[in-house]
Every structure is written in C-alpha cells, then in structure tokens.
Amino acid sequence: VALMTPSGQRGEPTEVSIKAGKQRAIRLGGLAGGAESLAVDVKVDGGVVSGSLQETVLDGLTPKGIDLATSGADADSQQVVTGLNGKDARLRVANPSDDLAEVSLKAYGPDGEIDIPRSSMTVVAHGVAEADLGDLEATSVILDSDQSIQASAFIGQDGEKGSADFGSVNATDTLADSQIMALPRTGTGKLYLSPGQGQVQVSGMLDDGSLTEPQSIDLNPTGTTEFSPAEVSPDAVRAIVISGENASGSQSDGVHASYV
C-alpha cells in the first residue's frame with residue numbers, strides 16, 4: 001500500500017497480509033499525517049482484492065460528511081468524470097507515473113462547455129493534486145495529460161442545522177456496447193452521459209428480472225445529457241441496461257456514464 005500526497009509518495013509502501021475471505025482496515029492518518037489530500041496505490045501479490053477509502057470530514061463537532069470512495073477507471077492519458085451536480089465540487093487527480101503530469105481540464109454542462117476556475121494543473125510523480133471547481137450542474141469534466149493519471153471528484157450537499165454531506169464520483173471507462181448498472185433501493189438519482197454523438201439505448205430491470213422496452217436517448221454533442229431511470233417504468237427499477245453500440249464520444253475518446 002503506497003500513499004501519494006501533494007509532494008509525492010510518502011515513505012516506503014506498507015505491506016499487509018489478508019487471509020482468504022477476510023478484510024483488513026488500515027488507518028492512513030498515522031501514515032500520512034498532515035497531508036492535505038491523499039491517494040492510495042495498492043498492488044497485490046498472490047490474489048485479487050477490492051478496496052475502498054473512507055473519508056470523514058468534521059468541522060469541530062459538526063459533521064460535514066462521510067464517504068466510501070472506490071477505484072474507478074484505470075490510469076490513462078484521458079479521464080472523464082461525469083455527473084457532477086452539486087456544490088463545492090472538487091477534482092482529485094493522482095499521478096502513479098515516474099514523471100510530472102501536466103493536465104488540462106475542460107467542463108461541459110447541459111448546455112455546452114462552461115468556464116471553471118481551473119483549466120490546467122500539474123501533479124508531481126507518484127503524487128496527488130486537487131482543484132476546486134465551484135458549484136456545478138450536470139457537468140462532465142474531461143482531463144487530458146501527457147502521463148497516465150487517475151481522477152475522481154467530490155460534490156457537496158447542505159444538511160440540517162449546519163451539517164453537510166458529500167459524495168465521490170469516479171472517472172469511468174468508455175461505455176460498452178452493452179452493460180448493466182445496479183441502482184440503489186433508496187433515494188433518487190439520474191443517469192449522466194458525457195458529450196457524444198448518436199443514441200444510447202436504456203432498458204430497466206424490474207424485481208422479477210424482466211426488462212422494459214428500451215428507450216432511446218439522443219446524446220448532446222457539446223453538453224452533458226441527463227436521464228431519469230424512473231422514466232423507463234412506473235414500477236421499481238432495480239438496474240438499468242445501457243447499450244452504447246450506436247454512440248461515440250464527441251469531446252472525448254468515448255461516451256461515459258455515471259449514476260448520481
């Protein structure tokens with residue numbers, strides 16, 4: 001487990017062993033005390049693991065949110081984060097390569113490209129950097145770099161009596177010809193699609209496993225497209241099946257989707 005900070009990798013990687021079928025929790029505060037932001041690079045020998053990073057924010061005794069962030073798309077020279085819809089959006093970029101990464105940022109709202117506070121950033125080798133993007137509505141952010149990078153974002157929401165919460169949104173892989181996306185049983189959300197050309201087909205999966213008739217979504221070539229899964233059926237939709245066979249990216253290498 002290697003820790004990446006704004007100044008680069010913090011110390012030597014920490015080695016841990018995990019028994020089959022078990023899990024381990026590693027407290028990172030003691031390993032990277034004082035770091036303003038953090039990314040974790042996990043390499044595994046002898047097995048396959050899945051991990052998440054718990055982040056908790058307190059303002060004195062007032063809770064400001066808790067989130068479990070998971071890994072997103074593999075490191076690449078282009079990353080797309082879509083579905084940024086909230087206040088105080090913050091972009092986090094990790095650079096697992098051995099050289100400094102120069103990163104350009106472009107953002108696309110529902111009506112086209114929008115201005116954001118940062119249009120570029122640099123990330124040191126084996127380091128991480130953040131960029132505040134302000135309040136955003138249905139926005140896709142496209143990052144291009146001369147190195148392979150990984151990106152995620154955080155969006156905030158006001159709570160009661162001064163409290164708040166936030167959630168993470170990962171960069172995603174290019175939409176496949178056919179893929180399934182499970183939906184939470186509580187709350188409401190929307191499907192966000194990055195700028196593209198053509199159509200995406202969406203079907204809903206119901207409690208009995210049956211699929212609704214597919215609906216066609218016309219992509220916006222210069223903006224982010226929103227779609228509510230509730231539109232596919234009056235019954236509870238437990239998952240959506242998305243087909244991107246007839247779609248292509250217009251501002252990035254492909255079309256990317258997130259449910260937020």
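A quick note: this is a predicted structure, and the numbers were derived from the prediction, not measured. The first residue in the sequence is number 1, and the count goes up from there.
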Determine yes or no for a side-chain-to-main-chain donor-acceptor pair under 3.5 angstrom, with [X] supplying the side chain and [Y] the backbone.
| X | Y | result |
| --- | --- | --- |
| Ser178 | Ser243 | no |
| Gln79 | Ala151 | yes |
| Ser250 | Gly196 | yes |
| Glu226 | Gly83 | no |
| Gln150 | Ala73 | yes |
| Thr5 | Ala35 | no |
| Asn170 | Ser152 | no |
| Asn220 | Pro110 | yes |
| Asp88 | Gly156 | no |
| His256 | Ser194 | no |

Look at the side-chain heavy atoms of Ile, Leu, Val, Met, Phe, Trp and Tyr, link any pair under 4.5 Å apart, and say whether [X] and [Y] land in one connected group.
| X | Y | answer |
| --- | --- | --- |
| Val202 | Tyr259 | yes |
| Met4 | Val103 | no |
| Leu175 | Leu183 | yes |
| Leu206 | Val241 | no |
| Leu143 | Leu84 | yes |

Ignoring hydrogens, what is the shortest heavy-atom contact between [X] and [Y]? Give both atom names and the distance.
| X | Y | value |
| --- | --- | --- |
| Ser258 | Val169 | OG-CG1, 4.2 Å |
| Thr212 | Ser233 | CG2-CB, 3.8 Å |
| Ser7 | Val124 | C-CG2, 3.8 Å |
| Gln251 | Tyr108 | OE1-OH, 3.3 Å |
| Pro229 | Gly189 | CD-O, 3.7 Å |
| Asn95 | Gln147 | OD1-CB, 4.2 Å |

Stepwise side chain to side chain donor-acceptor pair (under 3.5 Å) check, Asp218 with Gln199: CA-CA 5 Å; Asp218 293 320; Gln199 292 184 330; 2.7 Å; yes
Residue list, side-chain hydrogen bond (donor to acceptor under 3.5 Å, both in side chains) with Ser77, at least two apart or on another chain: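 Per chain and number, Ser77 pairs via side-chain hydrogen bond (donor to acceptor under 3.5 Å, both in side chains) with no residue.
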Arg118 vs Glu130, salt bridge (Lys or Arg N to Asp or Glu O under 4.0 Å): CA-CA, chis, key distance, verdict: CA-CA 10 Å; Arg118 296 277 296 274; Glu130 293 188 352; over 6 Å; no
Do [X] and [Y] have side-chain heavy atoms sitting under 4.5 Å apart?
| X | Y | value |
| --- | --- | --- |
| Val40 | Leu3 | yes |
| Pro195 | Ser140 | yes |
| Phe227 | Val232 | yes |
| Gln78 | Ser252 | yes |
| Ile155 | Val260 | yes |
| Ile66 | Gln54 | yes |
| Val237 | Asp235 | no |
| Tyr192 | Thr225 | no |

Would you give the length of the straight line joining atom [atom1] of [X] to atom [atom2] of [Y], rounded to the nearest 0.5 angstrom?
| X | Y | atom1 | atom2 | value |
| --- | --- | --- | --- | --- |
| Asp115 | Leu133 | CG | CG | 12.5 Å |
| Leu219 | Asn246 | CG | CG | 10.0 Å |
| Ser228 | Ile240 | OG | CD1 | 9.5 Å |
| Asp76 | Ile149 | CG | CD1 | 9.0 Å |
| Asp98 | His126 | CG | NE2 | 4.0 Å |
| Ser37 | Glu55 | OG | CD | 9.5 Å |

Derivation of the side chain to side chain contact (heavy atoms under 4.5 Å, CB included) call for Phe154 and Arg92: CA-CA 8 Å; Phe154 300 86; Arg92 181 176 294 172; 3.7 Å; yes
Verdict with reasoning, Ile116 to Leu105, per side chain to side chain contact (heavy atoms under 4.5 Å, CB included): CA-CA 9 Å; Ile116 51 177; Leu105 313 175; 4.1 Å; yes
Stepwise side chain to side chain donor-acceptor pair (under 3.5 Å) check, Asp99 with Ser97: CA-CA 6 Å; Asp99 297 303; Ser97 71; 5.6 Å; no
Candidate pair Thr122 and Glu102, rule side chain to side chain donor-acceptor pair (under 3.5 Å), full reasoning: CA-CA 5 Å; Thr122 58; Glu102 300 284 351; 5.3 Å; no
Verdict with reasoning, Leu53 to Leu28, per side chain to side chain contact (heavy atoms under 4.5 Å, CB included): CA-CA 9 Å; Leu53 182 66; Leu28 303 179; 3.2 Å; yes
Residues Val1, Ile26; criterion side chain to side chain contact (heavy atoms under 4.5 Å, CB included); working and verdict: CA-CA 9 Å; Val1 179; Ile26 304 170; 3.9 Å; yes
